[in-house]
Colleague: 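Have a look at the structure that comes next, please.
Atom set for the values below is all heavy atoms of this structure, side chains included, hydrogens, waters and symmetry mates excluded. Both ligands and their constituent atoms are indexed starting at 1 by order of listing.
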Amino acid sequence: MLAQLGSEAKLLAGGQSLLPLMKLRFANPAHLVDLNFVPGTSYVKQEGNRLRLGALTCHADIEDSPAAAAIPILHDCAAGIADVQIRNRGTIGGSVAEADPSGDWAPVLLTLDTEIRCLGPKGERSIPIAKFFLDAYTSALGPDELIREITVSVPPKGSGGAYVAFKRSAPVYASASAAVRLTVEGDICRDAAIFLGAVGLTPVHAVEAEAALRNNQITPKSMEAAAEAARAAADPQPDMRGSAEYKRQLVAALVRRAIEAALRRARGERVQLSHLYA
Ligand SMILES: Cc1cc2nc3c(=O)[nH]c(=O)nc-3n(C[C@H](O)[C@H](O)[C@H](O)COP(=O)(O)OP(=O)(O)OC[C@H]3O[C@@H](n4cnc5c(N)ncnc54)[C@H](O)[C@@H]3O)c2cc1C
């Protein structure tokens, strides 16, 4: 239908981003192609070492999924998106397709080995998440393509991840957020992935922050170095959520918290994590 209707058509999933834009007249599609009528598009299942999430799976179903619980950072993210109504309607596929710089899923999925499986008139293709987000609200998805499924590999033994955002209240986007995945061997951090949300046009890959941890012991000093490097990597815009400097400070604190929680999880502890609210 998308191919037939052309650029005047928009896909509709949960409508939690598209409908507000239509109400504000920022989007005015001539046709809506409602994906909710397509059966078998909402699921969370583990196959081998990969978790498969149907594009129409709503945030609340991921929050409650025993399969997704195997990767706690997914629960951190799903459980913290806005409020119950939005989590019951909004979908992971719609959220990723929207490529909103303040969206919660992008930084989280970037810390994991994630593939975006797309479907279009020419068939299926899989896009590694690192190549998916091109700019604010712009992804590698073609105009006649849709996201069919998102797959994530279960991180290796000794891994732990955590996602923490700072929000002014529940039903608003984060002022800043930090997603961290660590893989440890004894006292040494063998691998680290750190992505920052809402402090750039796309999620910011905090490469220097990762380098401060990788092949080192995680100590208060190395955590501080990682937090400082994240602060330097952030590229926030001042807006109603705060000044650029405030968001940089915030991101450093969030990275510290996320590293602490990820480390405890990597060591096998069960850690309940919640976003910070003003
Ligand atoms: C008040 C409010 C607060 C919110 N707070 C947060 C928050 O804190 N964090 C957060 O991450 N999100 C937040 N959201 C957004 C919410 O998570 C949405 O669910 C999400 O952004 C879009 O998902 P959707 O299913 O509603 O998509 P829709 O609104 O239906 O679609 C969004 C866009 O994606 C396209 N699309 C949808 N599905 C597909 C698909 N399968 N393939 C290709 N394109 C597709 C649509 O054409 C449209 O362009 C908030 C929304 C509201 C209204």
Colleague: Are there over 12 heavy-atom neighbours, none belonging to Gln46, within less than 6.0 Å of that residue's CD?
Modeller: yes
Colleague: Got a second to check how far Glu98's CD is from Tyr137's OH, nearest 0.5 Å?
Modeller: 6.5 Å
Colleague: Taking only Lys NZ, Arg NE, NH1 and NH2, and the carboxylate oxygens of Asp or Glu, determine whether Arg50 and Asp113 approach each other closer than 4.0 Å.
Modeller: yes
Colleague: Near ligand 1, which residues have a heavy atom under 4.0 Å away from one of its atoms?
Modeller: Lys10, Leu11, Leu12, Ala13, Gly14, Gly15, Gln16, Ser17, Leu18, Leu35, Ala55, His59, Ile81, Ala82, Ile86, Gly90, Thr91, Gly94, Ser95, Ala97, Glu98, Gly103, Asp104, Leu141, Leu146, Ile147, Lys167, Pro171, Val172, Tyr173
Colleague: Of the options Phe166, Tyr163, Tyr173, which is the one that meets His275 in a ring-ring contact (aromatic ring centres under 6.0 Å, His included)?
Modeller: Tyr163
Colleague: Residues two or more places apart in sequence or in another chain: which of them pass side chain to side chain contact (heavy atoms under 4.5 Å, CB included) with Asn88?
Modeller: Ala60, Val84
Colleague: How close do Ile73 and Val180 get, heavy atom to heavy atom, and via which atoms?
Modeller: CD1-O, 3.8 Å
